[in-house]
Amino acid sequence: MTLSINDKHKDFFDNVFDVVRLIPEGRVTSYGAIARYLGSAKSSRMVGWAMNASHRYPGIPAHRVVNRQGLLTGKANFAHPTEMEEKLKQESVVVVADQIINFKEIFWDPNEELKID
DNA sequence: GTCTTGACGTTTA
DNA sequence: CTAAACGCCAAGA
């Protein structure tokens with residue numbers, strides 16, 4: 001097998017990608033929320049690392065994932081530093097100085113929206 | 001093999 | 001209020 005990125009990880013990373021893909025337009029979530037939903041509440045760092053790898057995959061709105069403060073901490077990791085902010089603005093997300101103003105309003109928590117009942 | 005760094009978050013001082 | 005340490009785990013040097 002000459003696979004490079006697709007066979008190394010496929011548990012945590014793949015789960016992260018799956019959740020991120022489910023984030024509705026105009027909504028955002030946090031690394032910690034995703035980590036918690038996956039059962040690893042303290043592995044929020046890995047979510048961020050997974051997002052870094054997510055650039056190799058299509059259809060993953062990494063711009064909808066921010067930190068707990070609603071701050072666009074990962075904008076520098078995008079192809080263009082302004083890409084994250086611009087994409088959010090296109091979805092009616094109010095961003096000022098890399099900070100989502102209405103973060104609390106548009107926050108999408110997988111633990112609430114995707115809860116298993 | 002070890003050590004450092006990191007798209008984070010919580011706790012403690 | 002701010003600052004620092006810890007936990008967690010993967011990747012790069």
Would you find a donor on one side and an acceptor on the other, under 3.5 Å apart, between the side chain of [X] and the backbone of [Y]?
X	Y	answer
A:N111	A:A33	yes
A:R21	A:I60	no
A:N102	A:E105	no

* **Members of residues 45-52 of chain A that approach DNA chain B, where some heavy atom sits under 4.0 Å away** =>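 Only A:R45, A:M46, A:G48, A:M51, A:N52 qualify.
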To the nearest Å, how far apart are [X] [atom1] and [N] [atom2]?
X	N	atom1	atom2	value
A:Y37	B:dC8	OH	C1'	20 Å
A:H80	B:dA7	NE2	C1'	18 Å
A:L38	C:dC9	CG	P	13 Å
A:Q69	C:dT2	CD	C1'	13 Å

* A:N67 side chain, from C-beta outward: closest of C:dA10, B:dA7, B:dG9 ->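 Out of C:dA10, B:dA7, B:dG9, the nucleotide with an atom closest to A:N67's side chain is B:dG9.
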* To do: Counting heavy atoms from C-beta on, name the nucleotide in B:dG9, B:dA7, C:dG7 closest to the side chain of A:S30.
  =>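 Nearest listed nucleotide: B:dG9.
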Report, one line per pair, each donor and acceptor closer than 3.5 Å where one atom sits in a side chain of residues 74-81 of chain A; sequence neighbours left out.
residue : atom : partner : partner atom : Å
A:K75   : NZ   : A:D98   : OD2          : 3.2

* Asked: What does A:S40 touch in the nucleic acid at a heavy-atom separation under 4.0 angstrom: a base, only the sugar-phosphate, or nothing?
  ->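 A:S40: no heavy atom of the nucleic acid under 4.0 Å.
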* **Sugar-phosphate only, base, or nothing, as touched by A:A76 at under 4.0 Å among non-hydrogen atoms** =>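 Nothing, no heavy atom under 4.0 Å.
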* To do: May I ask you to check whether A:H63 and A:E91 show a side-chain donor-acceptor distance below 3.5 Å?
  =>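 Distance-only check passes for A:H63 and A:E91.
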Which atom pairs link the protein and nucleotides 10-13 of chain B when you take only N or O atoms and keep those under 3.5 Å?
none

* Thinking salt bridges, do A:K89 and A:E85 make one under a 4.0 Å N-O criterion? ->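 A:E85 and A:K89: salt-bridged.
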* Phosphate OP1/OP2 of C:dC8 contacted by A:S44 side-chain N/O (<4.0 Å) ->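 Indeed not, no polar side-chain atom of A:S44 lies that close.
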* Asked: Is a donor-acceptor pair below 3.5 Å formed from side chain A:H63 to base B:dA7, judging by atom type as modelled?
  ->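 There is none.
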* So if you build clusters from Ile, Leu, Val, Met, Phe, Trp, Tyr with side-chain heavy-atom gaps below 4.5 Å, do A:L22 and A:Y31 land together? ->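 In one cluster: yes.
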